[in-house]
4 protein chains.
Amino acid sequence: MTSFPAERGRPRDERSSAAIIKATAELVVESGYAAMSIGAVAARASVGKDTIYRRWSGKPELVYEAVFTTTDTADLPDTGTLQGDLTALVQSLIDEFSAPQAAAALPGLLADFAATPDLRATIRSRFLKPAKERLTEVFDRAQQRGEAGADLPVDLVLDTLAGAVFFHLGIIGERPAPDLARRIAAMIARGIEAR
Amino acid sequence: MTSFPAERGRPRDERSSAAIIKATAELVVESGYAAMSIGAVAARASVGKDTIYRRWSGKPELVYEAVFTTTDTADLPDTGTLQGDLTALVQSLIDEFSAPQAAAALPGLLADFAATPDLRATIRSRFLKPAKERLTEVFDRAQQRGEAGADLPVDLVLDTLAGAVFFHLGIIGERPAPDLARRIAAMIARGIEAR
Amino acid sequence: MTSFPAERGRPRDERSSAAIIKATAELVVESGYAAMSIGAVAARASVGKDTIYRRWSGKPELVYEAVFTTTDTADLPDTGTLQGDLTALVQSLIDEFSAPQAAAALPGLLADFAATPDLRATIRSRFLKPAKERLTEVFDRAQQRGEAGADLPVDLVLDTLAGAVFFHLGIIGERPAPDLARRIAAMIARGIEAR
Amino acid sequence: MTSFPAERGRPRDERSSAAIIKATAELVVESGYAAMSIGAVAARASVGKDTIYRRWSGKPELVYEAVFTTTDTADLPDTGTLQGDLTALVQSLIDEFSAPQAAAALPGLLADFAATPDLRATIRSRFLKPAKERLTEVFDRAQQRGEAGADLPVDLVLDTLAGAVFFHLGIIGERPAPDLARRIAAMIARGIEAR
DNA sequence: CACTAACCGAGACGGTACGTCTCGTCTTCAC
DNA sequence: GTGAAGACGAGACGTACCGTCTCGGTTAGTG
């Protein structure tokens with residue numbers, strides 16, 4: 001049995017945490033990532049700045065948690081084909097990146113992560129982990145069907161899919177065309193199919 | 001013949017502009033994009049801050065010009081195959097994004113561009129124009145060879161290629177593997193080839 | 001009984017205030033009023049600029065407090081004659097206006113006060129209040145002795161005395177002759193004595 | 001006969017000088033002395049800044065000339081008494097200091113003069129010379145009448161009169177009461193009369 | 001029931017950067 | 001050489017944030 005050393009002192013108030021997350025999510029949409037300040041979050045949440053810094057080390061960590069932790073990772077359907085599975089996966093990336101909060105936060109947030117060595121090392125595990133698990137499963141199924149070989153480069157394909165969606169929507173700011181997922185998925189699926 | 005109304009007043013000193021560009025390029029590598037300040041550029045260039053603001057409207061414009069205007073756009077060789085041509089094109093993207101100045105500047109710079117409506121609208125013409133011209137030429141040659149159809153989506157393929165390279169190198173921070181260009185190009189080339 | 005609502009937040013640090021006042025007093029002598037900058041005061045006091053602006057609204061208020069609040073208002077002796085009392089009063093004005101800090105600050109400071117409606121309205125209460133109290137007392141004694149009538153114009157006489165000393169020493173820059181107080185006081189005393 | 005070496009080049013345009021003086025006089029009233037900038041004067045006068053600096057060494061010199069050189073020095077009437085003559089003289093000081101341009105310019109202008117050694121030395125000759133000549137004449141007449149002795153301290157009396165008026169009107173900002181000149185003059189006249 | 005420890009809101013703290021303004025000088029072309 | 005125009009290096013302005021610190025006060029568990 002694990003025995004925690006009893007926590008001393010007043011416990012943290014979960015209502016403060018919730019108010020901070022809510023204020024952050026609102027402000028990042030209203031002001032944009034760069035213009036959003038910790039002080040403004042504290043004021044909106046009726047909270048002291050220290051209460052924020054006690055829980056998060058800075059703006060990137062805070063915004064990451066406010067925007068990307070509520071995400072629900074629904075299982076992907078098995079469509080029976082690599083291209084169909086990939087289309088569903090790309091569509092889920094599009095949905096995730098197009099949500100107002102994510103759209104407002106992602107470019108600046110990823111830039112801050114990329115600029116900080118400690119944070120950069122965590123990008124794969126934080127932003128890409130669910131997508132990687134799903135892509136791995138899609139690849140497994142494709143290999144079982146014989147559509148693909150055993151040596152598919154998961155990370156590289158994932159970077160390509162995520163990069164394509166992030167760049168097209170997040171950086172360029174293109175609206176997601178209805179068939180965008182299908183077109184990207186078709187291109188990549190054929191590229192990695194066994195010949 | 002166009003006749004310019006004679007410019008009045010003291011002309012801008014090109015040496016100041018050059019010193020500012022040089023100082024910017026140095027500082028963006030030394031400090032990173034976010035930590036680089038206009039005041040520090042002015043000090044390093046021995047120039048007043050106004051002399052910078054007179055020429056550029058802010059940090060994004062200044063860094064863009066300092067980092068991405070010196071680029072030489074060498075013509076791509078005709079390798080005889082779509083995959084070969086694409087490999088050369090992706091390699092040029094990798095080289096461009098891996099250069100120390102570009103690597104230091106790109107994530108923050110693109111985030112700032114994406115966050116400013118006026119600037120966002122110019123990303124295609126500023127960052128992607130040379131690559132698009134070359135991709136168009138690659139597609140033309142492929143169509144003439146019968147490798148590809150006439151309806152290739154240039155922008156979408158370009159966003160995918162640039163997004164993949166930018167995300168893989170610029171955001172994730174992966175070092176460019178020697179065969180990276182070949183692997184990405186192979187995947188995309190097969191994806192768009194005529195069947 | 002007055003009950004103050006408990007002050008919230010971290011209280012202001014009196015050591016910062018003292019360091020700012022000290023730095024201001026030094027710099028106004030070293031640089032002169034016009035050349036003294038808030039930034040230089042902050043640097044000398046090892047204090048952020050906000051810490052100054054939090055306490056004072058600008059240079060005039062800051063310099064006023066640094067230079068004219070330390071003044072000790074010693075009581076005037078009762079010399080037995082109007083002329084003697086006035087001489088003592090004028091001498092105290094001379095001493096006050098001749099002090100290095102006051103000499104360095106006064107012309108520019110009064111000009112800034114005079115140029116700002118809000119501040120102009122406070123000149124009498126800030127700079128002249130102690131002198132007015134003493135002049136009132138001098139007049140009271142003179143009236144009790146029968147040297148003067150009851151309707152002496154305190155403000156006008158005070159403006160004349162202060163103006164004479166300020167103009168002679170502060171503007172013209174004349175050194176105070178040893179008998180300056182006696183000469184001015186004699187002139188004014190005879191001018192207001194009952195005939 | 002003195003022969004000037006022929007002036008070379010284009011002669012200075014008197015219309016520029018006039019436009020500068022006019023713009024200065026207007027702006028000092030509109031903006032106040034401190035807020036008036038040379039650049040604004042140049043713009044209003046449709047003149048280059050150099051054209052101003054070629055003629056005046058800085059703001060104090062320019063404003064002095066714009067505001068205090070147009071003054072007409074009408075002769076004082078001989079009223080037959082020291083007090084009457086002094087009243088007329090004080091009234092002329094009041095009129096001079098109350099003019100809108102002078103009122104706007106004087107405190108800051110005198111502060112700048114007082115802060116600059118070169119300029120401080122010229123205050124007597126620039127601002128007080130006409131008044132001193134007139135006061136000397138008033139004293140001469142008083143001495144001829146036997147109202148005053150031969151050793152009257154002209155500079156000290158003048159500093160007192162000018163200081164009283166400048167302080168009362170210019171610094172405190174009091175409106176000139178109709179009998180102000182008479183009251184000041186009466187006080188001083190009795191103070192210096194022979195007993 | 002006192003004591004101790006961590007949390008809380010508020011806001012002051014030293015510091016840095018911002019983008020604008022003014023200074024007095026310099027550099028161009030036109031007259 | 002004078003003129004208007006305007007660029008130049010310098011540096012002050014007052015504001016906004018940063019992340020930390022310091023108050024009085026609250027809320028828990030421990031002795």
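We name chains A, B, ... by the order of the sequence lines, and we start the count at 1 in each one.
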(request) Show the numbers, then the answer: is there a side-chain contact (heavy atoms from CB on, under 4.5 Å) between K59(B) and L62(B)? (result) CA-CA 5 Å; K59(B) 190 156 73 162; L62(B) 170 59; 5.6 Å; no
(message) With side-chain contact (heavy atoms from CB on, under 4.5 Å) as the criterion, how do I171(C) and F127(D) come out once you've worked through the C-alpha distance, each side chain's angles and the decisive distance to 0.1 Å?
(response) CA-CA 11 Å; I171(C) 301 296; F127(D) 292 90; over 6 Å; no
(message) M36(D) vs T24(D), test: side-chain contact (heavy atoms from CB on, under 4.5 Å). Steps then yes/no.
(response) CA-CA 8 Å; M36(D) 188 205 84; T24(D) 301; 4.1 Å; yes
(message) I'd like to know whether L109(A) forms a side-chain contact (heavy atoms from CB on, under 4.5 Å) with F68(A), so could you lay out the CA-CA distance, the side-chain angles of the two residues, the decisive distance to 0.1 Å, and finally the verdict.
(response) CA-CA 11 Å; L109(A) 183 57; F68(A) 291 98; 3.7 Å; yes
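Between P60(B) and the options T116(B), L110(B), L119(B), a side chain to side chain contact (heavy atoms under 4.5 Å, CB included) holds for only L119(B).
When the P atom of dC18(E) is taken as reference, atom CG of L62(B) falls 11 Å away, rounded to whole Å. Rounded to whole Å, atom C1' of dC23(F) lies 14 Å from atom CZ of R15(C). Separating the OH atom of Y53(C) from the P atom of dG15(E) is a distance of 17 Å, rounded to the nearest angstrom. Between the P atom of dG11(E) and the CD1 atom of I52(A) lies a distance of 15 Å, rounded to the nearest Å. Rounding to whole angstrom units, CZ of residue R44(A) and P of dA10(E) are separated by 15 Å. Computed from coordinates, the I20(C) CD1 to dG14(E) C1' distance equals 11 Å when rounded to whole Å. Here the C1' atom of nucleotide dC18(E) and the CD1 atom of I38(B) are 9 Å apart, to the nearest Å. Rounded to whole Å, atom P of dC18(F) lies 15 Å from atom CH2 of W56(A).
A donor N or O paired with an acceptor N or O is not found under 3.5 Å between the base of dG14(E) and the side-chain atoms of K49(C).
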(request) Determine, for nucleotides 1-9 of chain E in 5'-to-3' order, which nucleotides have protein heavy atoms under 4.0 Å from the base (write B), from only the sugar-phosphate (write S), or from neither (write -). (result) ----BBBBB
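By the side chain to side chain donor-acceptor pair (under 3.5 Å) test, T122(B) is found to be paired with R126(B), residues two or more places apart in sequence or in another chain being considered.
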